[in-house]
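Numbers for residues simply follow the sequence, beginning at 1. The analysis underlying the following values was restricted to heavy atoms, covering all of them including side chains, and did not include hydrogens, waters or symmetry mates. Numbering of ligands and ligand atoms starts at 1, following listing order. Remember, it's a predicted structure, so these values are computed and weren't measured experimentally.
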Amino acid sequence: MTTYKTIRYEEPEARIARIVLARPETRNAQDTRLLYELNDAFDRAAQDDGISVVILAAEGPHFSSGHDLREPEKYEVMAEHRTVGTWCGFTCGGAEAQMAREKEIYLGFSERWRNMPKPTIAEVQGKVVSGGLMLVWPCDLVVASEDAVFADNTVAMGISGAEFFNHPYELGVRKAKEMLFTSDSVSAADAHRLGMVNHIVPRAELTEFTLDLARRIAEQPLFALKLVKEAVNTAQDNQGRSNAMQTSFALHQLCHSHNQQLHGRLIDPSFLARQKEIASRW
Ligand SMILES: C/C=C/C(=O)SCCNC(=O)CCNC(=O)[C@H](O)C(C)(C)COP(=O)(O)OP(=O)(O)OC[C@H]1O[C@@H](n2cnc3c(N)ncnc32)[C@H](O)[C@@H]1OP(=O)(O)O
């Protein structure tokens with residue numbers, strides 16, 4: 001993939017790649033194309049020996065509004081790209097095709113980016129909603145502007161949380177439950193206090209602050225950076241994170257199937273009447 005339609009790939013200075021989500025007109029909603037382009041860009045940075053650190057940033061007022069709720073061409077775009085797995089060929093339909101899609105582009109990509117062998121930094125402003133968390137949380141460090149807020153409204157959709165279920169590890173068990181039970185947002189200040197965010201900065205300083213952090217990391221020997229990242233991720237996985245992630249993904253699929261059987265669609269339709277009121281609280 002050489003040209004991107006939904007992201008930009010920049011090299012602001014030596015050893016630093018900056019990937020920018022570039023669908024501000026949808027508040028950077030993740031359609032299938034954006035996720036494949038993002039995956040391609042992470043691969044490009046990983047395979048370039050001249051790059052040591054990757055920044056993931058976003059254009060516009062909000063970092064990401066989550067999965068694209070209006071996307072028409074889901075499986076067509078996947079058929080062009082397939083990257084992570086070959087769970088099924090999509091002629092299967094039903095829960096099998098749904099699970100295959102989500103295994104590849106949601107859980108699969110987010111895990112892949114988390115384990116990419118170079119330090120990554122999320123540069124976050126404005127709102128980060130549900131699927132948006134699955135772009136921020138795989139990054140190693142998070143720098144947020146003062147106005148950043150983080151929310152997951154999937155329970156209101158009749159679903160047990162976003163597919164990359166890192167909530168308990170990011171926020172601690174009690175705050176994770178409150179966030180999920182209520183669909184309320186977590187402020188940048190609370191996220192910082194709980195350890196989900198490394199630094200909070202004024203919006204006007206976000207890009208330069210993040211670049212300076214990347215610059216200081218990029219001065220370190222790259223192989224040691226790769227190995228220390230692997231050491232920390234392995235420590236977390238050995239505490240049970242990987243197994244918990246697989247279980248919560250299966251529960252997420254069960255919710256989709258339940259909604260499909262009961263309502264004939266993947267989400268609980270009562271969400272549509274409540275969506276605006278919930279968003280007004282963020
Ligand atoms: C397992 C599931 C995981 C998921 O991620 S499901 C998706 C969950 N996400 C949401 O429910 C968020 C929906 N969006 C919003 O609540 C709001 O947006 C924001 C709070 C993020 C931003 O509000 P504001 O700045 O006032 O923008 P605006 O006028 O609501 O939206 C601007 C344009 O962006 C489109 N858009 C926003 N979010 C999405 C989305 N998630 N998917 C597709 N399009 C989206 C709108 O429709 C509109 O478009 P137009 O200008 O044509 O009216």
Side-chain angles (χ1 to χ4, degrees), residues 5-7 21-35 38 58-74 77 95 97-111 113 122 124-138 144-145 147-167 170 176 179-188 203 245 247-260 263 265-282:
K5 292 182 182 161
T6 62
I7 64 164
L21 308 177
R23 298 187 76 210
E25 70 287 357
T26 66
R27 307 306 183 243
N28 297 309
Q30 307 146 15
D31 62 0
T32 306
R33 185 173 306 281
L34 179 139
L35 292 170
L38 193 50
E59 202 180 306
H62 303 301
F63 183 86
S64 176
S65 58
H67 298 349
D68 192 313
L69 295 168
R70 302 190 295 193
E71 182 179 16
E73 48 169 9
K74 296 181 179 185
V77 178
Q98 179 65 22
M99 186 163 173
R101 171 177 158 75
E102 301 203 347
K103 237 183 199 303
E104 162 118 351
I105 67 169
Y106 300 142
L107 181 58
F109 280 163
S110 290
E111 279 291 292
W113 304 334
V124 181
Q125 79 279 13
K127 294 181 175 102
V128 183
V129 184
S130 297
L133 300 167
M134 298 167 33
L135 308 186
V136 173
W137 287 346
S145 60
D147 68 337
V149 293
F150 305 87
D152 185 330
N153 58 354
T154 51
V155 170
M157 298 176 195
I159 300 171
S160 54
E163 295 87 349
F164 180 75
F165 197 82
N166 226 34
H167 310 57
E170 301 289 348
M179 177 196 212
L180 289 159
F181 291 172
T182 61
S183 302
D184 286 348
S185 58
V186 176
S187 66
R203 178 85 165 244
M245 185 68 77
T247 301
S248 48
F249 180 73
L251 298 177
H252 179 102
Q253 298 306 314
L254 177 61
C255 288
H256 278 320
S257 292
H258 175 73
N259 290 327
Q260 193 70 47
H263 309 295
R265 57 191 304 172
L266 294 170
I267 64 167
D268 185 325
S270 69
F271 169 70
L272 301 173
R274 303 177 56 220
Q275 184 178 12
K276 282 212 164 65
E277 185 277 318
I278 291 170
S280 72
R281 290 189 255 131
W282 300 334

Is the W137 ring parallel, tilted or perpendicular to the H167 ring (thresholds 30°, 60°)?
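Rings of W137 and H167: perpendicular, over 60°.
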Check the orientation of H252 and F249. Use parallel for under 30°, tilted for 30 to 60°, and perpendicular for over 60°.
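H252 vs F249 ring planes: parallel.
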Identify, with sequence neighbours excluded, every residue that meets side-chain hydrogen bond (donor to acceptor under 3.5 Å, both in side chains) alongside D268.
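For D268 the side-chain hydrogen bond (donor to acceptor under 3.5 Å, both in side chains) partners, ignoring immediate neighbours, are S270.
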Please confirm whether the backbone N or O of M157 pairs with a side-chain atom of Q275, one donor and one acceptor, at under 3.5 Å?
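Side chain of Q275 to backbone of M157: no pair is present.
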List, ordered by chain and residue number, the protein residues whose closest non-hydrogen atom lies under 4.0 Å from any atom of ligand 1.
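Close residues (ligand 1, cut-off 4.0 Å): E25, T26, R27, A29, H62, S65, G66, H67, D68, L69, R70, K127, V129, S130, G131, N153, T154, M157, E163, H252, Q275, A279, W282.
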Should E25 and R23 count as side-chain neighbours, where that means a heavy-atom distance under 4.5 Å?
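Yes, at least one pair of side-chain atoms sits under 4.5 Å.
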If you measure from OG on S130 to CG on L69, what distance do you get to the nearest 0.5 Å?
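The OG atom of S130 sits 9.0 Å away from the CG atom of L69.
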